[in-house]
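Step one of this worksheet: look at the structure below.
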Number of protein chains: 2
Amino acid sequence: MSDALDTLEHDNLGSTVYRLLSNALIEGRLKPGERLKIRELAARLGTSVTPVRDAILRLVQEQALTMKSARDIRVPHMTVARYLEIRTIRIRLEGLAAEMAAQRADAAQIAQLEELVRQNQQAIADGDIARGCDLNQRFHFALVDIAGMPFLQGILFRIWLQMGPLIAEVYAAGGDDMLDYHYPLLAAIRAHDGAAAARAIGDDLLYGGQVILQHLQNAAAADAAPADDDQPTA
Amino acid sequence: MSDALDTLEHDNLGSTVYRLLSNALIEGRLKPGERLKIRELAARLGTSVTPVRDAILRLVQEQALTMKSARDIRVPHMTVARYLEIRTIRIRLEGLAAEMAAQRADAAQIAQLEELVRQNQQAIADGDIARGCDLNQRFHFALVDIAGMPFLQGILFRIWLQMGPLIAEVYAAGGDDMLDYHYPLLAAIRAHDGAAAARAIGDDLLYGGQVILQHLQNAAAADAAPADDDQPTA
DNA sequence: ACAGCAAATATGATGCATCATAATTTACTG
DNA sequence: CAGTAAATTATGATGCATCATATTTGCTGT
């Protein structure tokens, strides 16, 4: 379900480490600002530094990690500008995915989406924010999967690599999971109405992401007038 | 002008090799199906295998190169399905870029675009297909640059990594450079009409890319009923 | 005690040796 | 001569040693 874009990829140890770190990023197990050390990771994973270096270099390349100076590998902080740009791109791209998914989805796939929303509803009722967050992400992935666009899936996977740490941060700060906009999306897909599906996912990203934007703007403000936050930006 | 997405990237030898190979791909100096050997490249570039391996692994990761078996690194062949998917994505993404560019472009930037089109016109008049091809690509890059969306630029750069070898192949087979649709695009940008600009670039990709699609379909047909082409697909 | 320099340490970069294995060549047998 | 099997070669994977350098620690002199 989650292993997108691995199509045809020759499997070496580096790829395994890459997937490991990717999942850690997407699931928010790596926090923005957190530093990574190649040797340490290698020791932890029981490999030499080579595959770890491979993986990290790949993640740096797609900007899922940054390397300001040679010795300083960390999970990047999201900026407001970057978030807005990514949001705009996601609206186009996930809109496309939703449109295609609405056209193509069969009964089983629709049921799968409904099940994800149902579980998400349950998670929210249980107050299990982390699970809700995870299910939300899986819903978005499932949509792209149904759209049947593997290349698009790769692009969106890379985008999620960037969103993971941010979303985890926001949820840790008490952000609410936004499920509201998934219902109209489901309705549009059931009706095979591509345009409506695209609109719905746009709403989801715009309004559902409002909490995230707020969080970023607060962080930016706190950064401009530094009080005593936990991260004094080095 | 051409070095997109290198923002903040810590420069190591691997990145240099990556850029080298990227340029080779985008400029069509690597043909679809062509095989790459790490040791050979390292020898040619006068480095050890490590940086070359770094670079190649990164390119494999973003599917600009494939690695079917561990020993078999090559420039991938484009398929019709993949081309159509990428075209759809490009229409959304470059449409977005054109829209933003139309809104933001100042006089100097518009002049820059006009200059590129003028040079392209000249190149076509001179029958210099390769140069026309290069200028066409630079026009598209310039547009994204003007749009001021660095993240989008990265995505589109990766897409061009895939298009490069294909376009070179088509032009080698006598494909015509399509400049026609750049004029309405320029007009839309001059008028700061985002929607019209997006439509124009969509037309450019759809109709201008017709030659490419034709080429791919011919290749696919020849592959299904193999006569005596130069590439019998291994 | 503090400023400034020096030694030690940490850490990514690079090169390279070795390994495993797939592709190719060679050689032997019938 | 043909076919098969063994040997050789080619080539990426992996580990690791070494290097360069940024950072930290600690010593020395005023």
Side-chain angles (χ1 to χ4, degrees), chain A residues 6-22 24-25 30-76 231-234, chain B residues 3 6-22 24-25 30-31 33-76 231-234:
Chain A
D6 298 338
T7 338
L8 281 185
E9 193 172 340
H10 166 71
D11 224 45
N12 48 23
L13 249 187
S15 300
T16 307
V17 178
Y18 173 84
R19 256 189 306 274
L20 242 139
L21 291 175
S22 292
L25 280 167
L30 292 170
K31 311 292 178 211
E34 185 167 346
R35 181 164 174 207
L36 298 178
K37 297 178 191 178
I38 292 180
R39 280 172 170 84
E40 183 188 296
L41 265 173
R44 184 125 52 89
L45 301 176
T47 73
S48 80
V49 298
T50 309
V52 177
R53 193 167 171 275
D54 280 2
I56 284 186
L57 248 32
R58 292 200 232 172
L59 288 163
V60 167
Q61 143 103 359
E62 43 200 25
Q63 306 186 14
L65 294 176
T66 52
M67 216 166 163
K68 309 201 74 153
S69 63
R71 248 48 93 67
D72 201 50
I73 303 169
R74 20 187 107 231
V75 181
Q231 283 289 354
T233 325
Chain B
D3 54 326
D6 299 338
T7 338
L8 281 186
E9 194 172 337
H10 165 71
D11 224 44
N12 48 23
L13 248 187
S15 300
T16 306
V17 177
Y18 173 83
R19 257 190 304 275
L20 242 140
L21 291 176
S22 292
L25 280 168
L30 292 170
K31 310 292 177 211
E34 185 167 346
R35 183 165 173 205
L36 299 179
K37 296 178 192 178
I38 292 180
R39 280 172 170 85
E40 184 189 296
L41 266 172
R44 184 125 52 89
L45 301 176
T47 73
S48 81
V49 299
T50 309
V52 177
R53 194 167 169 275
D54 280 1
I56 283 187
L57 248 32
R58 292 200 233 172
L59 287 164
V60 168
Q61 143 102 4
E62 45 199 24
Q63 306 187 13
L65 295 176
T66 52
M67 215 168 164
K68 310 202 74 156
S69 63
R71 249 47 95 64
D72 201 49
I73 303 167
R74 27 186 99 231
V75 180
Q231 282 289 353
T233 326

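Numbers restart at 1 for each chain; the letters A, B, ... are given by sequence-line order, proteins then strands.
B/Arg74 approaches B/Arg35 most closely through the heavy-atom pair NH2-CD, 3.7 Å.
The interatomic distance linking A/Lys68 (NZ) with C/dT11 (P) rounds to 19 Å, in whole Å. In this structure, the CG atom of A/Asn12 is 15 Å from the C1' atom of C/dT21, given to the nearest Å. Put simply, CZ on A/Arg71 is 13 Å from C1' on D/dT24, counting in whole angstrom units. The distance from atom CG of A/Asp72 to atom C1' of C/dG12 is 11 Å, rounded to the nearest whole Å. The distance from atom CG of B/Leu45 to atom P of C/dT14 is 13 Å, rounded to the nearest whole Å. Here the P atom of nucleotide C/dT18 and the CD1 atom of B/Ile38 are 19 Å apart, to the nearest Å. We find that CD1 of A/Ile73 is positioned 17 Å from P of C/dA10, with the value rounded to whole Å.
Counting heavy atoms from C-beta on, the side chains of A/Leu59 and A/Ser22 come closer than 4.5 Å.
Mapping B/Leu57 and A/Arg39 onto DNA chain D via the closest heavy atom, the residue that lands nearer the 5' end is B/Leu57. Nearest-nucleotide assignment on DNA chain C puts the 5′-proximal partner with A/Leu36, out of B/Gly46 and A/Leu36. Residue-to-nucleotide proximity on DNA chain D shows that, of A/Pro51 and B/Glu40, the 5′-proximal contact is made by B/Glu40.
The pair A/Arg58-A/Glu62 does not count as a salt bridge, with every side-chain nitrogen at least 4.0 angstrom from each carboxylate oxygen.
An OP1 or OP2 oxygen of C/dT14 is reached within less than 4.0 angstrom by no side-chain nitrogen or oxygen of B/Thr50.
If you check every strand for non-hydrogen atoms under 4.0 Å, A/Ile56 touches nothing.
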